[in-house]
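Below, each value reflects all heavy atoms present in this structure, side chains not excepted, and no hydrogens, waters or symmetry copies.
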Amino acid sequence: MWGGRFSAEPDQVMQAINASIDVDRRLAEEDIAGSKAHADMLRHAGILTQADAEAIAAGLDQVLGEIRAGTFTFSAALEDIHMNVESRLKEIIGEPAGRLHTARSRNDQVALDFRLWVKTACLCRTTQITALMQALLAQAETHAASVMPGFTHLQTAQPVTFGHHLMAYVEMLDRDRGRFDDAVDRMNESPLGAAALAGTGFPIDRQITAAALGFSRPMANSLDAVSARDFALEALAAIAICAGHLSRLAEEIVIWSSAQFGFVRLSDAWSTGSSIMPQKRNPDAAELVRAKSGRAIGSLVQLFTIMKGLPLAYSKDMQEDKATTFEAFDALDLSLQAMTGMIATLTPSVERMRASAASGFSTATDLADWLVRELDIPFREAHHITGAAVKAAETAGLALPDLPLAALRSLEPRITDAVFDVLTVDASVDSRTSFGGTAPARVREQVAAWKAKLG
């Protein structure tokens, strides 16, 4: 490739550290699409003859067919996907292959390929996120009124419904979809035509290649075009946040499926056993989803570290951008598929959740609210009275609804037996009718709205 400048072969270690074909061979489809668009533009601009352009297009189609069929031989000596494709193209069509690289550098070529790949991967992840949202909606609709304990600090706080709990993840995941969509909007510019860093003196038309490759426009600065990797950073940030959401849900599945909680049962398809303990049902898929969030976050930090001190324009450090990005997208791909499968097939234990929801004096806030609403007691005073009632129930070894009316009246004489109507878990969740609340009616409204939105 640069025999005119160098007279000796590179050291074997230099070849090993310099070659990227084992990683960037994943860009074959994008590389060939970019080359076909570039060749067609060169023909349109009168830089390539019609015959040469047709030969290049046909040859690239053959190369692509070989790669898809698994018969293509990749060579580390040719370093990367770009030179592997160009070398094979020359074997197929001869001299016209050497004209393909006119008005183009590997710098704008790799920037294009990588941007196309990341854009497609982002769109694919939004589709996968939507599938997970639909699985959550199906469970939420079925269990809109299934009561479970709501937690703060992993301590019983107030009763909620299982459907309401799952709908929280629907909201999170929709924001994740938005982040990927936003990233796609910003990366939807073509770097092709920036050449090495300064543009080219050939009369190219970058609008043609941008449109042919599905971009909104060409990038406006040639230095930025070849050196920008913030599109990958933004995608990795979206991955890291989404993986964090999946990790939180995975952690809850691990907790819920334990014998101590027993809130849900994972299907056999998403559970594993033990090599020594035959009774075990391990939530390994959830644990691995939880772990992969660390790899996704690590990928973001890796690329930040690679890019943080690079002067404009291109530096070979940027060759390391793809491995870490591919790994993060792969991790999220598996995580989303696994989580969708787990959610779609898990079986909640409605009675176990209900029994747990009634523990821990979970309706104490309902007592305080009743004192405010019915007796016009300031909330802070109602809070104090309720705390004393909880203490009395705890001392007597009773649940709050089982505390005798006399005990409650000893704390506030105006309390009537009507208070017991609000101290059940069902009454508690039914009363939370504010927008976004856990009342089954609100949950069903939100489920219906999301089903209509997702189609």
Side-chain angles (χ1 to χ4, degrees), residues 121-144 146 148-154 157-158 160-185 234-257 263-264 283 285-297 299-300 328-329 331-344 346 348 432 434-438 442-455:
C122 284
L123 294 172
C124 180
R125 297 309 170 273
T126 62
T127 300
Q128 290 178 308
I129 292 170
T130 301
L132 175 53
M133 293 170 70
Q134 290 168 331
L136 287 163
L137 285 172
Q139 288 280 10
E141 186 172 32
T142 300
H143 295 283
S146 299
M148 69 174 289
F151 299 98
T152 61
H153 311 279
L154 203 55
Q158 294 176 332
V160 297
T161 70
F162 189 61
H164 186 60
H165 195 110
L166 295 183
M167 289 301 293
Y169 286 101
V170 172
E171 297 289 337
M172 294 180 212
L173 290 166
D174 185 54
R175 294 194 293 273
D176 291 327
R177 291 197 313 168
R179 274 180 278 271
F180 282 111
D181 288 341
D182 288 345
V184 168
D185 285 344
E234 188 170 7
L236 288 175
I239 289 172
I241 295 170
C242 183
H245 288 153
L246 297 182
S247 182
R248 296 183 74 178
L249 180 53
E251 170 69 3
E252 297 202 299
I253 290 173
V254 170
I255 293 171
W256 292 344
S257 62
F263 287 1
V264 302
E287 292 170 0
L288 288 166
V289 168
R290 187 175 59 186
K292 286 186 181 297
S293 67
R295 298 176 71 92
I297 294 165
S299 293
L300 173 61
F329 272 104
L332 187 63
D333 176 15
L334 277 175
S335 295
L336 286 166
Q337 291 187 65
M339 187 57 73
T340 302
M342 282 187 282
I343 291 296
L346 67 78
R432 308 292 171 182
S434 58
F435 180 78
T438 193
R442 297 287 85 81
V443 175
R444 293 187 180 100
E445 287 174 358
Q446 288 297 311
V447 168
W450 274 110
K451 288 176 69 176
K453 183 175 180 180
L454 296 181

Inset, instruction - Evaluate side chain to side chain contact (heavy atoms under 4.5 Å, CB included) for Glu141 paired with Arg444, printing each intermediate quantity in order. - result: CA-CA 6 Å; Glu141 186 172 32; Arg444 293 187 180 100; over 6 Å; no
Inset, instruction - Would you mind reporting whether Val289 and Met342 have side-chain heavy atoms less than 4.5 Å apart? - result: yes
Inset, instruction - With sequence neighbours excluded, tell me which residues meet side-chain hydrogen bond (donor to acceptor under 3.5 Å, both in side chains) with His164. - result: none
Legend entry - side chain to side chain contact (heavy atoms under 4.5 Å, CB included) assessment of Leu173 paired with Leu136: CA-CA 10 Å; Leu173 290 166; Leu136 287 163; 3.5 Å; yes
Inset, instruction - Please indicate whether Arg248 has more than 12 foreign heavy atoms, meaning atoms of other residues, nucleotides or ligands, lying under 6.0 Å from its CZ. - result: no
Legend entry - Leu332 to Cys242 - nearest heavy-atom pair and separation: CD1-SG, 4.0 Å
Inset, instruction - Please lay out, stage by stage, how His165 and Thr161 fare under the test side chain to side chain contact (heavy atoms under 4.5 Å, CB included). - result: CA-CA 6 Å; His165 195 110; Thr161 70; over 6 Å; no
Legend entry - Minimum heavy-atom distance Gly437-Arg442, with the two atoms named: O-CB, 3.6 Å
Inset, instruction - Could you go through the side-chain hydrogen bond (donor to acceptor under 3.5 Å, both in side chains) check for Trp450 and Glu171 one step at a time? - result: CA-CA 9 Å; Trp450 274 110; Glu171 297 289 337; 3.0 Å; yes
Inset, instruction - Taking the side chain as every heavy atom from C-beta outward, state whether Asp333 and Gln337 have any pair of such atoms under 4.5 Å apart. - result: yes
Inset, instruction - Please round to the nearest 0.5 Å and tell me the distance separating atom CD of Glu234 and atom CD1 of Ile239. - result: 11.5 Å
Legend entry - Partners meeting ring pair (Phe, Tyr, Trp, His ring centres under 6.0 Å) with Phe162 (sequence neighbours left out): His143, Trp256
Legend entry - Pairwise side-chain contact, Gln158 with Thr438, heavy-atom cut-off 4.5 Å (strictly under): no
Legend entry - Met133 and Ile129: CA distance, side-chain angles, deciding distance, side chain to side chain contact (heavy atoms under 4.5 Å, CB included) verdict: CA-CA 6 Å; Met133 293 170 70; Ile129 292 170; 4.0 Å; yes
Inset, instruction - Check whether any side-chain heavy atom of Leu346 lies under 4.5 Å from a side-chain heavy atom of Gln139, and answer yes or no. - result: yes
Inset, instruction - State whether the side chain of Arg125 and the backbone N or O of Phe180 hold a donor-acceptor pair below 3.5 Å, judged by distance alone. - result: no
Legend entry - SG-CZ distance between Cys122 and Phe329, expressed to the nearest 0.5 angstrom: 4.0 Å
Inset, instruction - Can you see which heavy atom on Pro149 is nearest to which on Phe263, and at what distance? - result: CG-CZ, 3.7 Å
Inset, instruction - State, to 0.1 Å, how close Ala296 and Ala243 come at their nearest heavy-atom pair, and which atoms those are. - result: CB-CB, 3.9 Å
Legend entry - Within-4.5 Å side-chain heavy-atom neighbours: Asp174 and Arg177: yes
Legend entry - Value rounded to 0.5 Å, distance of NE2 in His245 from OG in Ser335: 14.0 Å
Inset, instruction - Determine whether Val184 and Asp181 make a side-chain contact, defined as any pair of heavy atoms from C-beta on separated by less than 4.5 Å. - result: no
Legend entry - 4.5 Å side-chain heavy-atom contact, Glu252 and Tyr169: yes
Legend entry - Side-chain heavy atoms of Cys124 within contact of Thr126, under 4.5 Å: no
Legend entry - Rounded distance [0.5 Å steps], OG1 in Thr340 versus CG in Leu132: 4.0 Å
Inset, instruction - Could you tell me whether the side chain of Glu287 and the main chain of Glu251 form a donor-acceptor pair under 3.5 Å? - result: no
Legend entry - Carboxylate-amine/guanidinium proximity below 4.0 Å for Arg179 and Asp176: yes
Legend entry - Nearest atoms (heavy-atom pairs only) where Ala140 meets Val447: CB-CG2, 4.0 Å
Legend entry - Closest heavy-atom pair and its distance - Ser247, Arg290: OG-CG, 3.3 Å
